[in-house]
Amino acid sequence: MMKIYKKNKRQQWKKQVMNNLKRDAVKNIIAGMGALARLDTKVNNTYTVYIKDGRMIKQPTNGKCVVINGKIQN
C-alpha cells in the first residue's frame with residue numbers, strides 16, 4: 001500500500017514539473033516573438049499593432065503610440 005502511495009505522489013510531482021516547464025517555455029516563446037516583431041518593424045519600416053489595457057495600439061518605428069478605434073470589446 002505504501003509503495004502505491006509513493007508512486008502516485010511521484011507521478012503527480014512529475015506532472016506538475018512538466019506543466020511548469022511547458023508554461024515557462026510558452027512564456028519565453030511569447031517574449032521572443034514580441035522582440036522579433038519589433039525588429040521586423042524596424043527592418044521593414046512598418047508598424048506593430050498590439051493590445052494593451054483593452055485598447056488596440058499601433059506603434060510605428062519612431063516609437064510614438066497611436067490608439068486605434070478606442071476600446072476593444074470582448
Side-chain angles (χ1 to χ4, degrees):
M1 185 84 160
M2 188 67 133
K3 259 187 173 177
I4 294 171
Y5 177 74
K6 284 185 179 182
K7 187 174 183 181
N8 287 340
K9 281 293 228 182
R10 189 178 317 133
Q11 287 174 345
Q12 288 175 352
W13 179 79
K14 282 171 121 178
K15 190 174 185 179
Q16 185 178 7
V17 168
M18 290 306 294
N19 286 338
N20 287 341
L21 289 174
K22 290 176 189 176
R23 197 172 296 124
D24 288 342
V26 170
K27 285 180 184 178
N28 288 337
I29 290 170
I30 291 171
M33 293 304 290
L36 185 61
R38 286 188 293 277
L39 181 64
D40 192 39
T41 299
K42 288 180 183 178
V43 169
N44 295 317
N45 198 23
T46 58
Y47 54 87
T48 306
V49 176
Y50 58 92
I51 295 175
K52 182 176 183 181
D53 297 330
R55 295 179 180 261
M56 189 177 282
I57 308 291
K58 175 179 169 182
Q59 185 177 13
T61 55
N62 66 6
K64 184 178 178 184
C65 295
V66 178
V67 177
I68 303 171
N69 291 341
K71 280 212 166 252
I72 304 296
Q73 295 182 359
N74 294 332

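Taking OG1 from Thr41 and CG from Leu36, the interatomic distance works out to 9.5 Å, rounded to the nearest 0.5 Å. Atom CG of Asn20 sits about 13.0 Å away from atom NZ of Lys15, to the nearest 0.5 Å. To the nearest 0.5 Å, atoms CE (Met18) and CH2 (Trp13) are separated by 11.0 Å. Note that CG of Asp40 is 12.0 Å distant from OG1 of Thr61, once rounded to the nearest 0.5 Å.
Between Cys65 and Tyr50, the shortest heavy-atom contact is SG-OH, 3.8 Å.
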Report task. Could you check Ile57 against Val67 for side chain to side chain contact (heavy atoms under 4.5 Å, CB included), going step by step and ending with a plain yes or no? Result -> CA-CA 5 Å; Ile57 308 291; Val67 177; 4.0 Å; yes
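For Asn62 (side chain) and Lys64 (main-chain N/O), a donor-acceptor pair under 3.5 Å exists by modelled atom type.
The same ILVMFWY cluster, assembled from side-chain heavy atoms under 4.5 Å apart, contains both Ile68 and Tyr47.
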